[in-house]
Each structure stands twice: as C-alpha cells, then as structure tokens.
2 protein chains.
Amino acid sequence: MCTIPADTAQIIETSLITALEDRGLRKTTARAAVTQRIELAGDAFTAEQLCRELPEVGRATVYRTIRHLVDAGALCKLPILDGAPMYSVARVEHHHHTICSRCGAVGEFRHSTVERVMRSLEKEIDGDIVGHRMEIFITCNQCLAAIAEGESHD
Amino acid sequence: MCTIPADTAQIIETSLITALEDRGLRKTTARAAVTQRIELAGDAFTAEQLCRELPEVGRATVYRTIRHLVDAGALCKLPILDGAPMYSVARVEHHHHTICSRCGAVGEFRHSTVERVMRSLEKEIDGDIVGHRMEIFITCNQCLAAIAEGESHD
DNA sequence: CTTTTAATTGATATTGAGTATCAATAAGGA
DNA sequence: TCCTTATTGATACTCAATATCAATTAAAAG
Ligand SMILES: [Zn+2]
Ligand SMILES: [Zn+2]
Ligand SMILES: [Zn+2]
Ligand SMILES: [Zn+2]
C-alpha cells in the first residue's frame with residue numbers, strides 16, 4: 001500500500017542485498033543467492049518459482065527473504081486473483097502496474113494525472129484515504145505479435 | 001476484471017438467486033441459503049466466513065456458489081494481499097472499491113474522472129488495455145470515531 | 001586469528017484455502 | 001408420478017505459506 005505521494009518519483013535502492021543490509025540484516029550466502037537471482041532475471045516471479053530455481057536455498061529462507069524485501073519497499077507484491085502473488089522489483093517509489101493477462105508480464109508506470117485524480121477523490125469518499133492501488137490489465141506487445149502470428153495458421 | 005465502460009452506471013440484478021437462475025442454474029435450498037445469507041448481512045465476507053455461518057451447507061457448495069455468483073458478475077472478488085479474498089455484492093456494473101485497512105469494510109464507488117483518466121492512459125501504455133482495477137484504502141468513519149474515542153482513555 | 005553471541009538457516013511438521021472425487025440426493029420437466 | 005440430470009457434501013487431496021527448533025554461520029569483540 002502507498003500514501004499519496006508528491007509528484008516527483010524517488011528512485012529506489014538499486015541493489016537488493018544492500019536494501020537488506022540497510023535494514024540491519026546480515027549479508028548471507030542464501031540472501032545473496034536470492035537477491036541475485038531476482039536481479040538477474042528481471043521479470044516478475046512467484047515465491048514458488050524462486051524456490052524451484054534456487055533448490056540450494058531452503059524454501060523458508062526464500063519466503064523470508066522475499067518478505068524482507070517487500071517490507072523494505074524493494075519489491076512489490078502483486079495480488080493475483082486466482083493464484084499466488086507475484087513479486088516485481090520496485091524502481092520508483094510510488095507507481096502502479098500493468099499486468100499482461102496472457103503472459104503475466106508486469107510493468108511499472110507512474111502518471112501524474114492518476115495521482116491528481118486520487119487527491120481529488122478525497123472529497124468524494126467517506127473516511128480518510130490512507131493509500132491506493134491500481135492495476136491495468138493489458139495484452140502486451142509480445143503477446144499481440146504472437147496472436148497475430150498464430151491467428152493466420154493455428 | 002472489467003473493460004472500460006461507458007459512463008452510465010448499469011444497475012445490476014438485485015436478487016442473487018435470480019442471478020443464478022438466469023444462468024440456467026437450479027434453485028436449490030443450499031443456494032438459497034447462501035444467497036440469502038449474503039444479502040441479509042450486507043457486508044463483505046470471505047468464503048470461510050460463509051462456511052462457518054452456514055454449517056448446514058457443505059463447504060464445496062459454498063465455494064461453488066460463490067464462484068457462480070462471481071461469474072455472473074453479481075459478486076466482486078477482492079484480492080487481499082495477506083489472506084483470503086473478500087467478496088462483496090456488486091451494485092453497479094463498473095466500479096472500484098474502498099477498503100478500510102482497519103476493519104475491512106468494503107465500499108463501492110464510481111467516478112467518471114477515474115474512467116476518463118483510464119482512457120487517456122491508452123496512449124501512455126504499451127500494449128492493449130483490456131481492463132483495470134483500483135482500490136482505495138481508507139480508515140472508515142466508524143473506525144475514525146473508534147480511534148478518537150479510544151485515544152482518550154486507552 | 002580465536003572466541004563469543006546472536007542471527008540465520010533449512011528439514012520437517014503444520015496450517016489454511018481451495019479443489020477433485022464420486023456415490024447419494026434433489027430439481028424440475030415429461 | 002417418474003425419469004433424467006444437476007447438485008450436493010463427506011472425504012481426500014493439492015498447493016501456498018508459516019511455525020518449529022536444532023545446527024550453522026555471520027560478524028563483533030578480544
Ligand atoms: Zn511495482
Ligand atoms: Zn498512485
Ligand atoms: Zn464491487
Ligand atoms: Zn474503472
């Protein structure tokens with residue numbers, strides 16, 4: 001969750017392991033393995049995916065490390081309605097996500113108008129606004145291309 | 001998920017059991033019990049809550065009925081990041097939700113500006129937009145009152 | 001470079017949400 | 001009423017995620 005921010009995007013800590021150290025956590029081999037894997041692959045992922053890809057790291061540790069990264073604000077936890085949440089690296093402080101309904105690819109976007117509208121909703125809504133979340137579901141360009149391709153001879 | 005709608009709210013089927021019959025499903029005692037309970041209580045709920053409150057209906061049936069209602073568009077399924085999804089009765093066709101972070105109360109809102117911004121984002125975003133979702137997290141008036149109350153002597 | 005101390009790990013057991021199975025039951029049309 | 005088919009629900013199961021706790025390891029201190 002996120003409070004309504006000023007309109008200048010703050011760039012977040014680049015190295016995930018550093019984000020953990022900044023929180024007073026020790027730099028261990030397990031944590032290095034997890035954070036490196038996340039940084040190298042780049043894509044959004046689920047906890048179980050990470051466990052499969054890092055059999056040398058215990059499942060509990062993978063889950064714990066992910067939780068720490070989310071707490072540190074270095075990872076976004078995206079609710080997926082039917083299934084396990086996905087995680088993606090946070091690059092700017094407040095943003096929203098695009099999710100491709102077909103392949104699950106996750107993108108980050110930030111748009112001042114959206115935030116302006118949020119502020120304007122304060123009047124319309126009962127109670128105090130403490131945060132908001134928004135996801136835009138898309139068919140990504142890659143999937144569009146694949147569809148166009150397949151459509152002709154599938 | 002929802003496609004970007006015209007700006008006139010369509011009011012949805014009032015009776016949940018009718019929504020099921022409209023889909024060619026039989027009117028059974030189990031389904032009547034589930035839909036009545038949902039309508040009478042009014043609040044958002046989780047599947048497990050319903051199961052507990054309706055011990056005379058089998059757990060599988062509760063889950064199945066909820067799924068039918070969601071498919072029919074009569075219920076919204078709200079992703080809750082740490083925990084089971086919540087369900088709330090849909091009253092107008094396209095809308096978004098307010099969720100009280102403290103008590104979990106769910107509200108529905110609809111605001112033309114939000115939808116207008118969504119349309120304007122089509123240019124900014126790679127790929128085809130197929131839908132969107134938005135939740136505003138609040139502290140509801142009831143909770144604000146409770147906090148003010150408690151603050152003085154807790 | 002030890003020693004010491006507390007954080008961390010990970011195998012295992014456990015919880016919890018949700019689904020698959022399938023024989024018994026109930027709806028509703030003929 | 002009878003017949004056909006949908007529905008039910010007890011049970012077993014899957015899958016994600018967490019709790020437990022003895023063994024390990026990081027890093028601070030000496
Ligand atoms: Zn993000
Ligand atoms: Zn925002
Ligand atoms: Zn709703
Ligand atoms: Zn909308």
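When reading the values below, keep in mind they use all heavy atoms of this one structure, side chains included, and skip hydrogens, waters and symmetry mates. Below, chain A is the first sequence line, B the second, and so on; all start at residue 1.
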Atom-pair distance (CZ on A:R64; C1' on C:dT9), nearest Å
6 Å
Using the rule that Ile, Leu, Val, Met, Phe, Trp and Tyr join whenever any side-chain heavy atoms are under 4.5 Å apart, tell me whether B:I138 and B:L144 fall into a single cluster.
no
Looking across every strand, which nucleic acid part, if any, lies under 4.0 Å from B:R31 by heavy atom: base, sugar-phosphate, or nothing?
sugar-phosphate
How far apart are the closest heavy atoms of B:G42 and B:R91, and which atoms are they?
O-NH2, 4.3 Å
Classify the nucleic acid contact of B:T61 as base, sugar-phosphate or nothing, counting any heavy atom under 4.0 Å across all strands shown.
base
Between A:R23 and A:E21, does any side-chain N to carboxylate O distance fall below 4.0 Å?
no
Go through DNA chain D in 5' to 3' direction and return only the first and the last nucleotide with some atom under 4.0 Å of chain A's heavy atoms.
D:dA16 to D:dA27
Taking for each residue the nucleotide of DNA chain C with the nearest heavy atom, is it B:E48 or B:L25 whose nucleotide lies nearer the 5' end?
B:E48
Expressed as a whole number of angstroms, how long is the span from B:K77:NZ to C:dG18:C1'?
9 Å
Grab the CZ-P distance between A:R59 and C:dT12 for me, whole Å please.
13 Å
Do any side-chain nitrogens or oxygens of B:R67 fall under 4.0 Å of OP1 or OP2 in C:dT19?
yes
Does B:E56 reach a base, just sugar-phosphate, or nothing at all? Heavy atoms under 4.0 Å.
sugar-phosphate
Pick base, sugar-phosphate or nothing for A:P85, based on heavy-atom distances below 4.0 Å to the nucleic acid.
sugar-phosphate
